Amino acid sequence: MKNCYISDLIPPEELAETVKELKAGVETIRFSVSMNLEDFDCQIRAAGRELELYGNPPLTLHGPFLDLNPMSYDVRIRQVTMERFEQAYEAAAALGAEKIIYHSGMIPCTVYLEGWAERMADFWMEFLDGKSGITVCMENVFDREYSGILQVAEEVTHPDFGLCLDIGHAHCYSDYSVMEWAEQLGRYVRHVHLHDNDSSWDYHRALGEGTVPWKRAVEELRRQNPEVTWTIECTKKEDIQKSAEALKKMLDQL
């Protein structure tokens with residue numbers, strides 16, 4: 001499947017079979033855990049071996065997020081966040097990843113939206129200074145609204161910066177509809193995380209097994225950016241296969 005990736009949320013042997021069967025790429029979460037960044041060279045070698053097992057498919061990489069905060073007012077926390085993000089970017093470059101995904105870091109009730117976008121934009125402009133060749137995408141997670149993310153996308157002028165819209169997160173954590181997220185952010189969305197839920201919990205089910213209006217969202221996002229890429233983020237092999245089949249059928253109709 002062109003422009004489609006599978007998140008490595010299932011065992012390597014199952015993922016190898018699935019990736020080869022679907023002719024898809026892989027999105028690795030290995031470097032989303034800062035502990036793995038402490039053993040950088042060993043983890044790079046391990047990731048390389050796994051990619052060989054998968055047949056060296058196209059790659060995207062998920063960056064670290066636990067305990068990190070790009071917009072922190074604490075200089076030291078911001079510095080550590082920058083260092084961890086830099087390490088993940090280095091891993092992406094070493095492994096030949098096409099894109100790298102970082103969370104927005106917005107935690108409602110602990111972070112004020114006022115001033116958030118400006119600080120985030122400053123962080124990303126500093127982070128991207130001198131970089132090129134890997135698309136950096138900021139992903140929504142617990143974000144209750146899209147206005148802050150939209151402002152960041154408008155203010156970060158680097159050509160390698162864009163958004164990753166996680167439609168499952170938008171459906172689960174936001175009072176705004178998935179379609180409103182897609183319509184408002186679509187021109188900046190370069191990558192999409194696909195999974196389903198019933199809005200009560202972030203279940204990461206197969207497409208069609210929840211209430212996410214994923215077909216309409218895919219159509220809208222593809223309309224605004226024909227080059228958008230997709231990662232199926234399900235935790236069971238059968239859910240991945242079901243989602244991939246549904247996505248392919250949908251894209252073939254567009």
Side-chain angles (χ1 to χ4, degrees), residues 1-7 9 24-25 27 29 32 60-63 65 70 97-108 113 116-117 120-121 124 134-156 158-197 199 202-208 210-234 243-244 246-247 250-251 254:
M1 292 180 63
K2 183 180 179 182
N3 294 333
C4 183
Y5 301 81
I6 308 300
S7 181
L9 295 172
E27 182 170 314
I29 61 171
S32 66
T60 60
L61 188 145
H62 199 304
F65 56 90
E98 300 167 348
K99 296 182 178 180
I100 183 166
I101 316 301
Y102 295 99
H103 286 180
S104 69
M106 167 57 74
I107 309 295
L113 188 59
W116 179 85
M120 287 293 291
W124 288 119
I134 301 174
T135 302
V136 172
C137 298
M138 187 177 75
E139 175 191 357
N140 62 297
V141 185
F142 300 115
D143 308 71
R144 290 178 175 168
E145 55 187 279
Y146 53 79
S147 60
I149 289 178
L150 177 59
Q151 186 177 342
V152 175
E154 292 171 339
E155 293 188 11
V156 177
H158 195 285
D160 286 344
F161 184 80
L163 301 178
C164 170
L165 176 58
D166 189 304
I167 63 172
H169 292 165
H171 188 60
C172 185
Y173 298 119
S174 174
D175 290 332
Y176 293 88
S177 71
V178 170
M179 287 309 301
E180 191 165 350
W181 279 78
E183 290 163 359
Q184 295 298 319
L185 301 181
R187 64 190 182 276
Y188 297 109
V189 173
R190 300 196 185 186
H191 194 64
V192 181
H193 282 171
L194 296 170
H195 51 99
D196 212 336
N197 63 67
S199 82
D202 187 22
Y203 288 110
H204 284 258
R205 290 173 176 162
L207 296 177
T211 55
V212 175
W214 70 270
K215 290 183 179 180
R216 292 171 56 212
V218 165
E219 183 177 10
E220 176 64 22
L221 293 165
R222 180 76 174 273
R223 183 187 70 80
Q224 293 203 45
N225 179 11
E227 301 303 316
V228 67
T229 53
W230 323 87
T231 288
I232 296 173
E233 271 198 331
C234 298
S243 297
L247 177 63
M250 179 68 190
L251 293 176
L254 298 179

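Not measured: the values here are computed from a predicted model. We number each residue from 1, following the sequence as shown.
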- Using a cut-off of 6.0 Å, state whether more than 12 heavy atoms not belonging to Y176 lie near its atom OH.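 12 or below, so no.
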- Test T135 against every option in R190, H191, E98 by the side-chain contact (heavy atoms from CB on, under 4.5 Å) rule and name the one that passes. R190
- Message: If you apply the rule side chain to side chain contact (heavy atoms under 4.5 Å, CB included), what do you find for R187 with L150, and how did you get there?
- Response: CA-CA 10 Å; R187 64 190 182 276; L150 177 59; 4.0 Å; yes
What distance separates [X] [atom1] from [Y] [atom2], expressed to the nearest 0.5 Å?
| X | Y | atom1 | atom2 | result |
| --- | --- | --- | --- | --- |
| E139 | T231 | CD | OG1 | 9.5 Å |
| R144 | I107 | CZ | CD1 | 10.5 Å |
| C164 | I100 | SG | CD1 | 12.0 Å |
| I101 | M138 | CD1 | CE | 11.5 Å |

Do the side chains of [Y] and [X] get nearer than 4.5 Å, heavy atoms only?
| X | Y | result |
| --- | --- | --- |
| L185 | I149 | yes |
| Y146 | L163 | no |
| L113 | M106 | yes |
| Y173 | N140 | no |
| L9 | E27 | no |
| V189 | N225 | no |
| H193 | H169 | no |
| S174 | D143 | no |

Quick one: closest heavy-atom pair of [X] and [Y], and the distance?
| X | Y | value |
| --- | --- | --- |
| G208 | W214 | N-NE1, 3.6 Å |
| G148 | A117 | O-CB, 3.7 Å |
| S32 | I29 | OG-O, 2.6 Å |
| A206 | S243 | CA-OG, 3.3 Å |
| E145 | S147 | OE1-OG, 2.8 Å |
| N197 | G168 | ND2-O, 3.0 Å |

Would you list the atom pairs, donor with acceptor, under 3.5 Å between side chains in residues 215-222 and any protein atom, with sequence neighbours excluded?
residue, atom, partner, partner atom, Å
E220, OE1, R223, NE, 3.3
E220, OE2, R223, NH2, 2.8
E220, OE2, Q224, NE2, 2.7

- Message: Set out, in order, the CA-CA distance, both residues' side-chain angles and the distance that settles side-chain hydrogen bond (donor to acceptor under 3.5 Å, both in side chains) for D166 and H195, then state yes or no.
- Response: CA-CA 8 Å; D166 189 304; H195 51 99; 2.7 Å; yes
- Message: We want to know whether D196 and H171 form a side-chain donor-acceptor pair, criterion being a heavy-atom distance below 3.5 angstrom.
- Response: no
- In chain order, what residues pass the ring-ring contact (aromatic ring centres under 6.0 Å, His included) check against F65, with sequence neighbours excluded? H62, H103
- Item | Results of ring-ring contact (aromatic ring centres under 6.0 Å, His included) for Y102 - residues two or more places apart only | F85, W124, F127
- Take Y188 and L165 through the test side chain to side chain contact (heavy atoms under 4.5 Å, CB included) and record every step on the way to the result. CA-CA 9 Å; Y188 297 109; L165 176 58; over 6 Å; no
